[in-house]
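Input: a single structure, listed below in structure tokens.
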Amino acid sequence: MSKQGSDSGGEAQGFANAKPGTGPDTVPAAPNNFIIGLIEEDIANKRYSRPICTRFPPEPNGYMHMGHAKAVTIGHDLAERFHGLFNLRMDDTNPAAEDLEYVEAMQRDVEWLLGKSLEGRVFHASDYYPQLYAYAEQLIQKDHAYVEELTAEQIKEYRGNYHAAGRPSPFRNRPPEESLRLFREMRAGKFAPGERVLRAKIDPASPNMNMRDPIVYRILTDVHHRAGAWHIYPMYDYAHPLSDAIEGITHSTCGKEFANHRPLYDWFLEKLEIKEPPRQIEFAEIGITGIVLGKRHLRKLVEQKIVSGWDDPRMPTIRGLRRRGCPQAAIWQFCRELGVSNSSPGEVHVDRLEHAMREVLNRTSPRVMGVLYPLKVVIENYPDDRVETFDVIKNPENPADGTLSRPFSKELYIDRADFMEDPPKKYHRLSPGKEVRLRYAYLITCTGVVKDPATGEVIELRATYDPLSQGGEPADGRKVQGTLHWVSARHALHAEVRLYDSLFTPEVEQFEKSERPIEEFINPASLEVLTDAVVEPSLRGVAAGERVQFERVGYFAVDPDSTPERPVFNRTVELRDKKFSKIFQK
RNA sequence: UCGGGGAUCGUCCAACGGCAGGACUCCAGAUUCUGGCUCUGGAUAUCUAGGUUCGAAUCCUAGUCCCCGAACCA
């Protein structure tokens, strides 16, 4: 295994990663969806003279999570399919909520998911402020916008509600010259927040609330992390269509919650006479059972130290998943298998994410031996000082990965879970008098059990081995059902293993409706730290980010907290063990 | 009940007037030096009621249910 790890959850790593087999291209392409159909129509109708261009427009006010990942895969796959371009655009129009920290993290996470640099395709809405401002003046001059003097409360009151039409503001028909002068004064910082606002002049009585003279610019004293102090900042509904247009976006995909905003999106483009305007297409966002994605909730978990940080392996953030060991390909596979629809948003089972992880990890992870709960076994008829080395294949799914050497000696560790004094029927593992195979090594038979006289706890096993079964194959061809993983005690490397379970309790499905705080839905057993695990010596010095399969246990990733002499492994996902658990159910 | 959107296996997605199919999950079996992987077989769905049609998940009418929307958030 490589000691030059590159795909770790650590902060130092950028987009560069891709262990063989874990990039987006190693997983089946996205199936057709309705958006592809719409774009094909646009191409057939020659709607655009420029290449197809999509974008992912996050607001940099939190860390990237699975919801964002879905949007990235959709946009990127669309661009790829039509040989077009894909942009990352920071939708940074609200300096009060955004931060440079998030901007940088967002880009790194997107690039990690993509497995490549975004080179010249990273944009910022804030870079368009001058152009956006000029467009606003045009709007005013064309009498499509006016400066409002009503207070926020008054505006709300004038706007009406679902059942009552709004009334026009008394400032609605002020002359464009006056609005223009006031707008420039807003820009110059002459007013305090809330004193003035620029409004689009559309229809105060529209049945679509978004069209009731929406606010275009508001005054904010915050200094933008990138653009500096502008005093006035554009609203999403205004900045978004125009940013799309400026960038040459053709198809602007977003969640269905923005469907009501589409008339407004189109209105700005039309009034500003944008040629070949971009087109907004909404798709159904999807939730994942047992997972909360809301940014402010995730932030709370970090701030209250309920988790160790945004990259806590239990977090549904991209860097959390990454630190836990989830390969990009698993996220791509998950998102692509989900498909894209415009039906009502639904909830997908976490199972599918885990299934995707197993699929990719099975293909790509070296098999190693790791014992989580060590139980010593002494092979009584094995010479005291003898050490044999077995060369084993790294990954049977991928023989090209080569082999690994594994030492064997008289004293070994096996897993406590692999021994039962009084086993149920169909239990294939070790018990007194029973013979099992030590994988790739020898057949052994349990000949004795050593117990702590005080507690009665099993502290050691005695066994004999069959010298004619070297490599694990008995000379007489007899069938041995059980195969155990093991680590030579003398050569064992001590390790810490962190077992993760769902961060939230199943009741979290009621979280949104319950109005109870998120803390009440945290699974108290979401993290179990094992400090006494042992692993085979080939793992000495593994690099953070390396992913392995502990045979018969699960997939694990090396945590950045590791030291060369004491690696730390995060459990990414368990192996399926349905059949085994079933023998205990009866 | 003001506007917008949507209803297909338990879940997610196909089928675009012509045999309702795939994936996850579940069940049964085969194989196996990982109780993994792989393979085989099986189970489960067109919201309701009318209509058009040789033929409807698809088109029409009515109804029901669900989601989104009244930030100077995105």
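Residue numbering restarts at 1 for every chain, and letters A, B, ... go by the order of the sequence lines.
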Exercise for the section: Would you kindly give the CE-to-P distance between A:Met211 and B:G4, to the nearest whole Å? Expected result: 13 Å
Problem - Separation of the C1' atoms in B:A70 and B:G4, to the nearest angstrom - result: 14 Å
Exercise for the section: Decide, yes or no, whether a salt bridge links A:Arg226 with A:Asp92 under the criterion of side-chain N to carboxylate O below 4.0 Å. Expected result: no
Problem - Short side-chain N/O contact to B:G35 OP1/OP2 from A:His428, under 4.0 Å - result: no
Handout entry: Whole-Å gap separating C1' (B:U38) and NZ (A:Lys579)
Key = 11 Å
Problem - P atoms of B:U31 and B:G36, separation to the nearest Å - result: 14 Å
Practice task
Answer yes or no: is there a donor N or O on one side and an acceptor on the other, between the side chain of A:Arg367 and the main chain of A:Lys394, under 3.5 Å?
Solution key: no
Exercise for the section: Kindly say if A:Arg576 contacts the phosphate of B:C37, meaning a side-chain N or O under 4.0 Å from OP1 or OP2. Expected result: yes
Practice task
In whole angstrom, give me the gap between the P atoms of B:G55 and B:G18.
Solution key: 14 Å
Exercise for the section: Mind calculating the distance between CG (A:Leu575) and P (B:U34) to the nearest angstrom? Expected result: 11 Å
Practice task
Look only at the side chain of A:Arg552 and the backbone of A:Thr483, and say whether a donor-acceptor pair between them is shorter than 3.5 Å.
Solution key: yes
Handout entry: NZ/NE/NH1/NH2 to OD/OE distance under 4.0 Å, A:Arg262 and A:Asp237
Key = no
Exercise for the section: Using whole Å, report how far CZ of A:Phe283 lies from P of B:G4. Expected result: 23 Å
What are the atom names and distances for every N/O pair under 3.5 Å that joins the protein to nucleotides 7-16 of chain B?
{"unit_1": "B:U11", "atom_1": "O3'", "unit_2": "A:Glu347", "atom_2": "O", "d": "3.2"}
{"unit_1": "B:U11", "atom_1": "O2'", "unit_2": "A:Glu347", "atom_2": "O", "d": "3.0"}
{"unit_1": "B:C12", "atom_1": "OP1", "unit_2": "A:Glu347", "atom_2": "N", "d": "3.4"}
{"unit_1": "B:C12", "atom_1": "O2'", "unit_2": "A:Leu338", "atom_2": "O", "d": "2.7"}
{"unit_1": "B:C12", "atom_1": "O2", "unit_2": "A:Arg352", "atom_2": "NH1", "d": "3.3"}
{"unit_1": "B:C13", "atom_1": "OP1", "unit_2": "A:Ser341", "atom_2": "OG", "d": "2.7"}
{"unit_1": "B:C13", "atom_1": "O4'", "unit_2": "A:Leu338", "atom_2": "O", "d": "3.3"}
{"unit_1": "B:C13", "atom_1": "O3'", "unit_2": "A:Val340", "atom_2": "O", "d": "3.4"}
{"unit_1": "B:A14", "atom_1": "OP1", "unit_2": "A:Val340", "atom_2": "O", "d": "2.8"}

Handout entry: Integer angstrom distance from the P of B:A23 to that of B:A14
Key = 16 Å
Practice task
Measure distances between side-chain N and O atoms of A:Glu397 and base N and O atoms of B:U38, and say whether any donor-acceptor pair falls under 3.5 Å.
Solution key: no
Problem - A:Arg406 side chain to A:Val487 backbone, donor-acceptor under 3.5 Å - result: no
Handout entry: Rounded P spacing from B:G69 to B:C19 in Å
Key = 39 Å
Handout entry: Presence of A:Arg552 side-chain N/O under 4.0 Å of B:G35 phosphate oxygens OP1/OP2
Key = yes
Problem - Pairwise P distance for B:A20 and B:A15, with rounding to whole Å - result: 16 Å
Practice task
Give the dot-bracket string for RNA chain B, reading 5' to 3', where a pair is Watson-Crick or G-U wobble with both distances under 3.5 Å, ( ) marks pairs inside the strand, [ ] marks pairs crossing earlier ones, | marks a partner on another strand, and . marks unpaired.
Solution key: .((((((..((((....[..)))).(((((.......)))))....(((((..]....))))))))))).....
Practice task
Verify, without hydrogens or angle tests, whether A:His231 (side chain) and A:Arg187 (backbone) share a donor-acceptor contact under 3.5 angstrom.
Solution key: yes
Exercise for the section: Kindly assign one of parallel, tilted or perpendicular to the pair A:Tyr427 and A:Phe580, based on the angle between their ring planes and the thresholds 30° and 60°. Expected result: tilted
Handout entry: Protein proximity profile, nucleotides 68-74 of chain B - base contact B, sugar-phosphate-only contact S, no contact -, cut-off 4.0 Å on heavy atoms
Key = BBBSBSB
Exercise for the section: Take the protein atom NZ of A:Lys582 and the nucleotide atom C1' of B:U25, then report the distance between them rounded to whole Å. Expected result: 13 Å
Problem - Side-chain donor/acceptor contact of A:Arg429 with base of B:G35 under 3.5 Å - result: yes
Exercise for the section: Evaluate the ring planes of A:Tyr233 and A:Tyr129, with Trp represented by its six-membered ring, and classify them as parallel (under 30°), tilted (30 to 60°) or perpendicular (over 60°). Expected result: perpendicular
Problem - Interatomic distance where CE belongs to A:Met357 and C1' belongs to B:C24 [whole Å] - result: 14 Å
Practice task
Could you tell me whether a side-chain N or O of A:Lys434 sits under 3.5 Å from a main-chain N or O of A:Arg429, the two making a donor and an acceptor?
Solution key: yes
Exercise for the section: Take atom NZ of A:Lys434 and atom C1' of B:G35, then tell me their distance rounded to the nearest Å. Expected result: 11 Å
Problem - Rounded interatomic separation in angstrom, taking CG from A:Leu353 and P from B:A23 - result: 19 Å
